[in-house]
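Counting convention: from 1, in listed order, for ligands and their atoms alike. The structure displayed is predicted, hence computed values, not measured ones.
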Amino acid sequence: MRKSDYKKSRRKTPWDGSIDLNPTQAFLKENYDVRYNNHHRKVEESGEAEMVNSYIPAKCPFCGSEKFKKSGYTDSGVQRYKCICNKGFLPTTGTIFDEHKLSICEWMEYCLNLFRHVSITADSWNNKNAFNTSRYWLQKLFLTLEGVQDNIVLSGTVWLDETFYRVRSEDVEYNYDGSKLRGISKNQICIGVATDKNQTIFLGRV
Ligand SMILES: [Zn+2]
């Protein structure tokens with residue numbers, strides 16, 4: 001992929017700006033636009049405010065106090081809260097959905113694709129997002145999951161297994177003579193999984 005393609009929006013069609021479309025072009029453009037807009041609905045149109053509002057914060061994300069009260073709604077219909085520490089917040093404050101511009105449905109679709117091993121490139125085409133957006137979401141997801149396994153302690157009988165994946169083609173290293181590294185090498189990422197059937201941890205190492 002060329003660098004300039006990374007930011008390329010998937011909104012455009014070859015017929016944008018044309019006023020004299022034939023019936024086939026008009027049909028294709030209209031249907032593409034409907035699908036694009038379905039994937040990029042504004043938060044206030046997606047109906048997610050109701051879902052978000054069903055989560056009542058247990059404490060203020062800034063000071064931890066439980067002394068806060070309702071304080072109106074955002075333009076999107078999301079409940080605002082105001083704490084005695086004088087800070088305002090939403091049910092999504094401090095979560096992965098904080099300040100999100102895209103609907104939670106899109107996030108969900110992205111995660112489902114990821115868990116089914118859909119590549120970032122394929123996902124950006126499917127969800128009609130720029131490649132950089134899909135890559136940014138991946139980094140955001142990893143940051144959210146960082147440390148999530150830190151406190152897991154396996155006990156009793158533990159089952160372990162590992163598998164190897166090749167690194168990206170641009171990261172492949174070669175011997176001085178240009179030949180490929182053989183066997184288990186830096187060109188493979190080892191993914192280990194361990195479980196005691198109660199809890200499971202995943203480890204990845206190059
Ligand atoms: Zn507070």
Side-chain angles (χ1 to χ4, degrees), residues 6-11 36-120 123-124 126-156 158 191-205:
Y6 282 31
K7 292 184 188 167
K8 204 176 250 176
S9 165
R10 309 265 191 230
R11 182 192 290 271
Y36 182 90
N37 291 330
N38 256 335
H39 274 277
H40 295 84
R41 280 194 297 178
K42 290 186 178 141
V43 173
E44 56 267 38
E45 292 167 0
S46 70
E48 71 173 49
E50 206 178 2
M51 186 271 287
V52 168
N53 290 343
S54 72
Y55 288 89
I56 316 289
K59 57 188 181 181
C60 166
F62 299 104
C63 73
S65 168
E66 293 173 11
K67 291 182 180 167
F68 56 84
K69 55 185 181 184
K70 290 180 176 176
S71 174
Y73 293 89
T74 66
D75 292 342
S76 314
V78 175
Q79 180 73 58
R80 281 184 199 280
Y81 293 91
K82 182 95 185 253
C83 177
I84 51 163
C85 73
N86 221 19
K87 294 227 164 129
F89 60 91
L90 307 174
T92 50
T93 302
T95 74
I96 197 170
F97 302 118
D98 202 352
E99 305 259 335
H100 67 300
K101 303 276 188 301
L102 301 168
S103 77
I104 289 176
C105 293
E106 268 191 83
W107 256 107
M108 199 171 69
E109 197 172 334
Y110 175 78
C111 289
L112 286 174
N113 279 341
L114 205 64
F115 302 148
R116 289 174 190 141
H117 306 287
V118 173
S119 74
I120 300 179
D123 175 82
S124 84
N126 290 343
N127 277 346
K128 302 193 172 16
N129 288 313
F131 180 80
N132 268 352
T133 304
S134 292
R135 191 163 63 175
Y136 168 68
W137 286 4
L138 184 65
Q139 288 166 347
K140 206 171 169 182
L141 194 63
F142 277 131
L143 277 174
T144 305
L145 293 174
E146 199 170 79
V148 79
Q149 302 185 126
D150 289 358
N151 294 323
I152 295 180
V153 178
L154 302 177
S155 58
V158 174
I191 308 287
V193 182
T195 183
D196 61 6
K197 291 200 174 177
N198 180 32
Q199 301 188 95
T200 302
I201 56 170
F202 297 85
L203 299 163
R205 289 283 181 281

Could you give the distance from CG (Leu154) to CD1 (Ile201), rounded to the nearest 0.5 Å? 5.0 Å
Backbone N or O of Pro91 within a donor-acceptor pair of the Tyr81 side chain at under 3.5 Å? no
For Lys140, I'd like to know if atom NZ has over 12 heavy atoms of other residues, nucleotides or ligands within 6.0 Å. yes
Judged by atom type as modelled, is there a donor-acceptor pair below 3.5 Å linking the side chain of Lys70 to the main-chain atoms of Gln79? no
For the atom pair CD1 (Ile84) and NZ (Lys67), what is the distance rounded to the nearest 0.5 Å? 5.5 Å
Check the Zn ion (ligand 1) and write out every protein N, O or S atom at under 2.8 Å, as residue and atom. Cys60 SG, Cys63 SG, Cys83 SG, Cys85 SG
Using 0.5 Å steps for rounding, measure from the OG1 atom of Thr74 to the CG atom of Leu90. 6.5 Å
